[in-house]
There are 2 protein chains.
Amino acid sequence: MAAPAQKHDVFQAIADPTRRKLLQLLDQGEMPVTAISGHFPMSRTAVSKHLRILADAGLVKERKVGRETRYRMDPDPLLELKRWLSYYERYWENKMAALKRYVESQDSGK
Amino acid sequence: MAAPAQKHDVFQAIADPTRRKLLQLLDQGEMPVTAISGHFPMSRTAVSKHLRILADAGLVKERKVGRETRYRMDPDPLLELKRWLSYYERYWENKMAALKRYVESQDSGK
DNA sequence: TTGACATGAAACCTAAAGGTTTCGTATAAT
DNA sequence: ATTATACGAAACCTTTAGGTTTCATGTCAA
């Protein structure tokens, strides 16, 4: 299969707070555009553009039902983010270990 | 305490691929600007600006040593990202949910 | 003390982001 | 058949992002 050559990646997609809210909202379930845009202080068209960017990154899927387009969230691309983040995981592991040691030392001290 | 009112957050900061590379590079250790910029196909000034954005988000720290400024990575703000991501953790933690998504995607796919 | 080096600030440019309004078109309701 | 609804495409505007070049300043080396 050829590469998707998507215009927007996950990192870009979640950079905008409006789009993060969109994901959160659509996490509740499928919803048509007008209903979605009711939750945002901007025009329906603007929301529609954000949805397109999210769709481009694979974070939402659309489905046409009659005259409406229903969007739902797809968390799969977030796995890339998770993978990226896991690279830095060791930092907190060490930190947590250090904190654990600290707490335990306080504990035994008392 | 007053809010930091930082101009750039961690989501914005990591949205740019150059800045992600910067983090990766600085993960190896502290480095002065000129040395850093040697790794990038752009001017030192441009790199400097990226570093400022990262610093603004708290992802790098700077330290002046003589006539040079040395930057190092600070992973702490990534915890916010991790926290945000953890909200969606259940999706791929739960195997049944994954299977459900798979079945549904096959269903609505073609 | 003179010159080279390291760096950020400033001014500037172009493209992209994020928003608006207007319009066309398909579907639904009367 | 006509009107209302749901939506995306297009054109447009303003601000921000990302880059450049130039300049000023502080520090090190000769």
Side-chain angles (χ1 to χ4, degrees), chain A residues 5-26 29-73 77, chain B residues 4-26 28-74 77 108:
Chain A
Q6 56 191 8
K7 200 172 167 191
H8 297 99
D9 63 23
V10 193
F11 293 94
Q12 277 178 265
I14 65 160
D16 187 280
T18 297
R19 289 195 288 269
R20 290 198 297 277
K21 275 193 197 165
L22 275 168
L23 288 183
Q24 197 186 335
L25 180 63
L26 291 178
E30 198 176 55
M31 219 177 290
V33 179
T34 302
I36 297 171
S37 78
H39 293 76
F40 296 85
M42 65 188 70
S43 71
R44 174 187 50 80
T45 315
V47 170
S48 202
K49 282 208 217 168
H50 280 300
L51 287 169
R52 178 143 313 286
I53 290 171
L54 287 171
D56 215 36
L59 284 163
V60 301
K61 301 297 181 195
E62 44 186 304
R63 180 169 70 107
K64 297 263 247 173
V65 176
R67 61 181 161 185
E68 56 186 31
T69 309
R70 298 191 189 154
Y71 287 86
R72 67 183 173 286
M73 191 237 185
Chain B
Q6 56 190 7
K7 201 171 165 192
H8 297 98
D9 64 22
V10 75
F11 292 95
Q12 277 179 265
I14 65 158
D16 186 279
T18 298
R19 289 195 288 270
R20 290 198 297 276
K21 274 193 195 167
L22 274 169
L23 288 183
Q24 198 186 336
L25 179 63
L26 292 178
Q28 298 173 206
E30 199 177 54
M31 220 177 290
V33 179
T34 302
I36 297 170
S37 77
H39 292 76
F40 295 86
M42 64 187 71
S43 72
R44 175 188 50 79
T45 315
V47 170
S48 204
K49 282 208 216 167
H50 280 299
L51 286 168
R52 176 143 315 285
I53 290 170
L54 287 171
D56 215 36
L59 284 164
V60 302
K61 300 296 181 195
E62 43 186 305
R63 180 170 68 107
K64 298 263 247 172
V65 177
R67 60 182 160 182
E68 56 187 31
T69 308
R70 297 188 190 158
Y71 287 86
R72 68 181 173 288
M73 192 236 185
D74 182 348
S108 62

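Values below: every heavy atom of this structure, side chains too, minus hydrogens, waters and symmetry copies. As the structure is a prediction and not an experimental result, all values here were calculated from the model. Order of the sequence lines sets the chain letters (A, B, ...), proteins ahead of strands, with each chain counted from 1.
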[Y] and [X], any side-chain heavy atoms less than 4.5 Å apart:
| X | Y | result |
| --- | --- | --- |
| A/M31 | A/M73 | no |
| A/Y71 | A/L54 | no |
| B/V60 | B/L23 | yes |

What nucleic acid atoms does [X] come within less than 4.0 Å of, heavy atoms only: base, sugar-phosphate, or nothing?
| X | answer |
| --- | --- |
| B/R19 | sugar-phosphate |
| B/T69 | sugar-phosphate |
| A/F40 | nothing |

Take the protein atom [atom1] of [X] and the nucleotide atom [atom2] of [N], then report the distance between them rounded to whole Å.
| X | N | atom1 | atom2 | answer |
| --- | --- | --- | --- | --- |
| B/R52 | D/dG18 | CZ | P | 15 Å |
| B/K49 | D/dT22 | NZ | C1' | 13 Å |
| B/L51 | C/dA9 | CG | P | 12 Å |
| A/R20 | C/dG18 | CZ | P | 11 Å |
| B/R70 | C/dG8 | CZ | P | 13 Å |
| A/I14 | C/dG18 | CD1 | P | 13 Å |
| A/D56 | C/dG18 | CG | C1' | 16 Å |
| B/H8 | D/dT15 | NE2 | C1' | 13 Å |

Do the side-chain N or O atoms of [X] get closer than 4.0 angstrom to the phosphate oxygens (OP1, OP2) of [N]?
| X | N | result |
| --- | --- | --- |
| A/S48 | D/dG8 | yes |
| A/H50 | C/dG19 | yes |
| B/Q12 | D/dT16 | no |

- Query: Given that B/P41 and A/K64 both sit by DNA chain D, which one's nearest nucleotide is further toward the 5' end?
  - Reply: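 The residue closer to the strand's 5' end, by nearest nucleotide, is A/K64.
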- Item | Among C/dG19, D/dT21, C/dA17, the one nearest A/T18 by side-chain distance |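 Within the option list, the nearest is C/dG19.
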- Nearest to the side chain of B/Y71 - D/dG18, C/dG8, C/dT7? C/dG8
- Item | Most 5' of A/M42 and B/V33 on DNA chain C, judged by nearest nucleotide | B/V33
- Counting distance only, does the side-chain N/O of B/D74 pair as donor-acceptor with the main-chain N or O of B/K61 below 3.5 Å?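 A pair under 3.5 Å: no.
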- Message: Once side chain to side chain donor-acceptor pair (under 3.5 Å) is applied, what residue pairs with a partner in residues 11-21 of chain B remain, sequence neighbours excluded?
- Response: B/D16-B/T18, B/R19-B/H50
Taking atom [atom1] of [X] and atom [atom2] of [Y], what is their separation to the nearest 0.5 Å?
| X | Y | atom1 | atom2 | result |
| --- | --- | --- | --- | --- |
| B/I53 | B/H8 | CD1 | NE2 | 4.5 Å |
| A/L51 | A/L59 | CG | CG | 11.5 Å |
| A/R63 | A/E68 | CZ | CD | 9.5 Å |

- Protein-proximity profile, nucleotides 22-30 of chain C, B/S/- by nucleotide at the 4.0 Å heavy-atom cutoff, equals -----BSS-
